[in-house]
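Numbers restart at 1 for each chain; the letters A, B, ... are given by sequence-line order, proteins then strands. None of these values were measured; they are calculated from a predicted model.
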2 protein chains.
Amino acid sequence: MVESTRRTEIMEAVERLLARGGLNAVTMRAVAAEADVSLRLVQYYGSTKDALLGAVLDRLADKSVERWQARARQRGYESPLEVITAFFDEALPTDRASQDFHRVGVCMEGLAITDPDMAGQAYQRHLSGLGDHLSGVLKSSGLSAKAARRLALEVMALAHGVGTLVMSGQLSEAEAQALIKNYLERLGPQLSR
Amino acid sequence: MVESTRRTEIMEAVERLLARGGLNAVTMRAVAAEADVSLRLVQYYGSTKDALLGAVLDRLADKSVERWQARARQRGYESPLEVITAFFDEALPTDRASQDFHRVGVCMEGLAITDPDMAGQAYQRHLSGLGDHLSGVLKSSGLSAKAARRLALEVMALAHGVGTLVMSGQLSEAEAQALIKNYLERLGPQLSR
DNA sequence: CCCTCCTTGATACGCTCGTATCATTTGGTA
DNA sequence: TACCAAATGATACGAGCGTATCAAGGAGGG
């Protein structure tokens, strides 16, 4: 199973379908149509459906963690509050790309509950990778290990929940930003103590 | 379409399947087996699958809102912090019942993204009902309308996110409670200002 | 009594799914 | 050139799904 261009194309097609219509939209035939290849090709490069989906989810988990690591490397050390503010900026589903990302996250969440064997592991890697990175950044800017991890997970949880409220129409984008701003204003003074 | 015992039994079977294995586990035949009736009966009382699922989700949304209204009626007026503390106590998936409830919530969340027509509406009713009630309680204990709604949604978002982290194994129950305790300690002083 | 309508049952149809099979092309190498 | 393995294509198969259809009990009023 070599890492060919074709295989990458097919995995990207899976990601697009996943982002657009959730898990149910991902069928071998739909992937073939989306990638504009034959069904046989999807089988050839992805072998079985579970294997293909697992590989895609792993890739997605890796990509999201790497995106954050690159971001941290680029911006250098920031204050915890800046780190968290930036995280919310990126995590809230304000544009199409982050909406897709959130949708995929929700799919993985559901899959992790339905079928813990396959997506559960990818989802856990996704969450723990993000959590480790975020808590690492927070720790390196002065927080204790325990406080950093706790805050990292709190921020991730809040971002996920607010993202869901936004995507389900309970919260407008502006309201979400106001909510986060309010949250950060409460959090800020506590961090610099 | 009368509200018969049979119909209730069938809807409860759907809820059990939903809580156990997610949406994919809900097939007409599986519902029949779970309710120990024939496939024809499921059709008879539930007509089509979408109608049955929609009815179940509506019922679930109503039940969750009613549960909260009853709770508020029973306990009477509390301080905002007490209300929120109680909310987290109930919302965190610490026992089997609330785990099932959270699982169903995640299913609805996923369905709302995949198929906004059916479950999307039920999910929105669920969220807005909960949000209205919670913000109403907070408002009646001294907060402004805007602040109450914002805080209600923030609390709901955090509870959902933390619930997901617990159920995916990122957070132990004790860690989750510590996280919430820490959050409430930060929130408390702000509320009494 | 029997007839009618609500209830229950058994089975069939058409569809889509994942997967398997057989055949063909292509590209590098002995 | 000959060849072999990787790559691609067309099609078939069995299973599970939602739904429809045909048929049989079963109770209550004319």
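- Residue A:Y44 has no polar side-chain atom (N or O) positioned under 4.0 Å from OP1 or OP2 of D:dT8.
- The side-chain heavy atoms of A:S47 and A:L52, taken from C-beta on, include no pair separated by under 4.5 Å.
- Scanning all heavy atoms of the two residues, the minimum distance from A:N24 to A:T27 falls at O-CG2, 4.0 Å.
- Comparing B:L39 and B:R6 along DNA chain C, the residue whose closest nucleotide (by nearest heavy atom) sits nearer the 5' end is B:R6.
- Between B:L52 atom CG and D:dG18 atom C1' there is a gap of 12 Å when expressed in whole angstrom units.
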N/O to N/O distances under 3.5 Å, protein versus nucleotides 21-27 of chain D:
{"unit_1": "D:dT21", "atom_1": "O4", "unit_2": "B:R40", "atom_2": "NE", "d": "3.3"}

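- If you measure from atom NZ of B:K49 to atom C1' of D:dC17, you get 8 Å, rounded to the nearest angstrom.
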>> The test is side chain to side chain contact (heavy atoms under 4.5 Å, CB included); show your working for B:Q170 and A:M156 and say whether it passes.
In response: CA-CA 11 Å; B:Q170 293 298 313; A:M156 284 168 57; over 6 Å; no
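- When the side chain to side chain contact (heavy atoms under 4.5 Å, CB included) test is applied to A:K63, the partners found at least two apart in sequence or on another chain are A:E15, A:R59, A:L60.
- The stretch residues 23-35 of chain A comes close to DNA chain D through A:R29, each having a heavy atom under 4.0 Å from the strand.
- When the side chain to side chain contact (heavy atoms under 4.5 Å, CB included) test is applied to B:R20, the partners found at least two apart in sequence or on another chain are B:R16, B:L17, B:E34.
- Taking A:A55 as the reference, A:R7, A:M11 meet the side chain to side chain contact (heavy atoms under 4.5 Å, CB included) condition, with sequence neighbours excluded.
- Between B:R96 and B:D100, the closest side-chain pair of non-hydrogen atoms falls below 4.5 Å.
- B:V31 approaches B:A13 most closely through the heavy-atom pair O-CB, 4.1 Å.
- Residues passing the ring-ring contact (aromatic ring centres under 6.0 Å, His included) test with B:H102 are B:H160, sequence neighbours excluded.
- Applying the salt bridge (Lys or Arg N to Asp or Glu O under 4.0 Å) rule to pairs touching residues 40-58 of chain B yields B:D58-B:R125, sequence neighbours excluded.
- For A:F101, there are no ring-ring contact (aromatic ring centres under 6.0 Å, His included) partners, not counting sequence neighbours.
- Sorted by first and then second residue, the salt bridge (Lys or Arg N to Asp or Glu O under 4.0 Å) pairs involving residues 153-163 of chain B (not counting sequence neighbours) are A:R186-B:E154.
- One interatomic measurement links the two molecules: CZ of A:R7 to P of D:dT8, which rounds to 14 Å at whole-angstrom precision.
- Among residues at least two apart or in separate chains, there is no ring pair (Phe, Tyr, Trp, His ring centres under 6.0 Å) pair with a member in residues 108-150 of chain A.
- Boundaries of the chain B contact region on DNA chain C are C:dC6 to C:dA12, first to last in 5' to 3' order (nucleotide atom under 4.0 Å from a heavy atom).
- Overall, the helix from C:dT7-D:dA24 to C:dA30-D:dT1 carries an axis bend of 20° between its ends, with five pairs at each end and the value rounded to 10°.
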